[in-house]
Number of protein chains: 2
Amino acid sequence: MTTSHKVVAFDSAPGLSRYAALAAALRARVVAGEWPPGSALPAESLLATEHQVALGTMRRALELLVAQGLVERIHGRGTFVRQGIAGASMLRFFRFDSGSGEMPRSRILSRQRVAAPAAVARRLGLATGEMVLRLQRLRLLADQPCLLEELWLPLDVFAPLAEGSTAEWDDLLYPMFARRCGVHVHRAVDDIGFAVLTAAQAIPLGLAAGHPGVVVQRAAYDLGGRCVEWRTTRGDAHAFHYTVTIT
Amino acid sequence: MTTSHKVVAFDSAPGLSRYAALAAALRARVVAGEWPPGSALPAESLLATEHQVALGTMRRALELLVAQGLVERIHGRGTFVRQGIAGASMLRFFRFDSGSGEMPRSRILSRQRVAAPAAVARRLGLATGEMVLRLQRLRLLADQPCLLEELWLPLDVFAPLAEGSTAEWDDLLYPMFARRCGVHVHRAVDDIGFAVLTAAQAIPLGLAAGHPGVVVQRAAYDLGGRCVEWRTTRGDAHAFHYTVTIT
DNA sequence: AAGTGGTCTAGACCACTCT
DNA sequence: GAGTGGTCTAGACCACTTG
């Protein structure tokens, strides 16, 4: 008598190593929602027998996914699909002198349902004229305004945020995106530059028009690689600092 | 009859895995100069038998050194100690609109042998008052000044640079450091900030006093982890740009 | 105690580079 | 063809977490 085991096929490698093909197959299952963010994958031994490869090969595949930031492994507990980026990640570019353990606060200044301008539509991978949510947001530290943000979100997936009061929104957006819209931000690309602030940008920050400012433009992507946010953040250039290590 | 093989001992692990201890032992031999930058290490199979470990374990150790940036492996050729940082690494923070294939040029504005000020001595790990080389350097792109730099170098290892004409110096410093002083810069930490330029800083750059400037402060380290350079670079803030990806 | 990931072994075979 | 690193296997044993 033969026992029946679940067997999962994966595309054999077109020039790819077996563990790379395995990693791609596992990634596809994660993106498809088979294992939601925060949940555990089956044990590596199980996955190995399922895919009919040696344990070491499956380990290589999982290590690859760890390096790619898709999953994280915890000794003795298991392999988990990573939750998205935590939030407050914009503050890492700034050094505001306030109580160090200070919680950042947020205030939504405006919220509009608008047709996407061409530049925004291109960034978000939408057709020009598709509906988006435009937000203006002020971030405060110890009740002092420090960052002014303009966000563009595709309405098809962020529709829940178009309704209800914005006064009750969380101070951190990404956890709220996950909870209310099922959108997990897994990757963000920040482009940093400097520009003089206009009056409209400077006043909410308590600065004067013409003050030097930092401009961070961010594109944020979900698990599947779709751009789900286009954001421009402005702050006082004198508060900017960032450290890079090169090897 | 027994054949005699070279056997290299390494400290058994005080809480370290065997491959981590192996990596540390190999790193020590590289730092000691047994395999100079650019040269090849023995084959992994040889190293494995020398250290009396399985091939896979030695591979883990070498992979660790690759991840740390100490060596690089080339399929079919061997394992090589990495040369230092190439140079021109400061330009990656700026976007000067000129011919894209433009070679950056350098001009040494001043060179002094001076006693290290306290702040510099601390950064370089010297006693206050030890002798250092202070350089001012202007970097040009298409004959346009773009960056102004102030460098502090410990004289004990950079003595060869205190003699002779600075007019003949290379445009890239790090390869010259390696060739003339045997100093290989393997790691650099850049701290980016913002400040308004003084007249003395702005004039050489063709800007006006009070112009917004980017300030990059760099500590550069050699193979052994010694800080061998402390540098401050200033440039037009409007030319600054940098991209960071977070996951 | 049971289940998880982490380390280590000893081998076979493949892919690439140089001469 | 000889020598290098890269992949894959099949197992043993260890270390950590949880019930």
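Worth saying up front: this structure is predicted, and the values here are computed from it rather than measured. Reckoned from all heavy atoms, side chains included, excluding hydrogens, waters and symmetry mates. Every chain is numbered from 1, with letters handed out A, B, ... down the list of sequences.
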K.L.:
Classify I74(B) by what it touches in the nucleic acid, base, sugar-phosphate, or nothing, heavy-atom distance under 4.0 Å.
P.N.:
sugar-phosphate
K.L.:
Let me know the distance between CD of E63(B) and P of dG6(C), rounded to the nearest Å.
P.N.:
14 Å
K.L.:
Send over the distance from R59(A) CZ to dT4(C) P, rounded to a whole Å.
P.N.:
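Between P of dT4(C) and CZ of R59(A): 13 Å.
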K.L.:
Return the value, rounded to whole Å, for the distance between atom CZ of R18(B) and atom P of dG6(C).
P.N.:
19 Å
K.L.:
Looking only at side-chain atoms of A54(A), point me to the closest of dG6(D), dT9(D), dG6(C).
P.N.:
dT9(D)
K.L.:
Counting side-chain heavy atoms from CB outward, which of dT9(D), dG6(C), dT7(D) is closest to S17(A)?
P.N.:
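Looking only at heavy atoms from C-beta outward on S17(A), the closest nucleotide is dT7(D).
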K.L.:
Take the protein atom CZ of F80(A) and the nucleotide atom P of dT4(C), then report the distance between them rounded to whole Å.
P.N.:
11 Å
K.L.:
What nucleotide, of dG5(D), dG5(C), dC8(D), holds the atom closest to the side chain of T79(A)?
P.N.:
dG5(C)
K.L.:
Take T57(A) and G76(A), find for each the nucleotide of DNA chain D with the closest heavy atom, and name the residue whose nucleotide sits nearer the 5' end.
P.N.:
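Counting from the 5' end, the first nearest nucleotide belongs to T57(A).
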K.L.:
Nearest whole Å is fine: how far is dG5(C) C1' from L62(A) CG?
P.N.:
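Taking atom C1' of dG5(C) as the reference, CG of L62(A) is at 10 Å.
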K.L.:
Verify the stacking flag for H75(B) against dA15(C): centroid separation must be under 5.5 angstrom and the ring planes must differ by under 30 degrees.
P.N.:
yes
K.L.:
Can you name the one residue among R179(A), H186(A), E229(A), Q83(A) that meets side-chain hydrogen bond (donor to acceptor under 3.5 Å, both in side chains) with Y174(A)?
P.N.:
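Of R179(A), H186(A), E229(A), Q83(A), side-chain hydrogen bond (donor to acceptor under 3.5 Å, both in side chains) with Y174(A) is met by E229(A) alone.
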K.L.:
Without decimals, in angstroms, what is the distance between L65(B) CG and dG5(D) C1'?
P.N.:
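Taking atom C1' of dG5(D) as the reference, CG of L65(B) is at 15 Å.
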K.L.:
Examine dC8(D): is either OP1 or OP2 under 4.0 Å from a nitrogen or oxygen in the side chain of Y19(A)? Give yes or no.
P.N.:
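It does not, given that no N or O in the side chain of Y19(A) lies less than 4.0 Å from OP1 or OP2 of dC8(D).
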K.L.:
Can you check the E72(A) CD to dG5(C) C1' distance for me, whole Å?
P.N.:
13 Å
K.L.:
Can R226(A) and D156(A) be counted as an ion pair, charged N to O under 4.0 angstrom?
P.N.:
yes
K.L.:
Using a heavy-atom cut-off of 4.0 Å across all strands, would you classify R60(A) as base, sugar-phosphate, or nothing?
P.N.:
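Sugar-phosphate: the residue R60(A), judged by heavy atoms under 4.0 Å, touches backbone atoms but no base.
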K.L.:
Using a strict cut-off of less than 4.0 Å between a Lys/Arg side-chain nitrogen and an Asp/Glu carboxylate oxygen, indicate whether R92(B) and D190(B) qualify as a salt bridge.
P.N.:
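Counted as a salt bridge, because a side-chain N and a carboxylate O are separated by less than 4.0 Å.
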K.L.:
When the distance from CZ of R73(A) to P of dT4(C) is rounded to whole Å, what number comes out?
P.N.:
11 Å
K.L.:
Quick one: does D222(A)'s side chain have a donor or acceptor within less than 3.5 Å of a partner on H184(A)'s backbone?
P.N.:
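Side chain of D222(A) to backbone of H184(A), a donor-acceptor pair under 3.5 Å: no, none is there.
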K.L.:
Ignoring hydrogens and angles, tell me if any N or O in the side chain of R27(A) forms a donor-acceptor pair with the backbone of L70(A) under 3.5 Å.
P.N.:
no
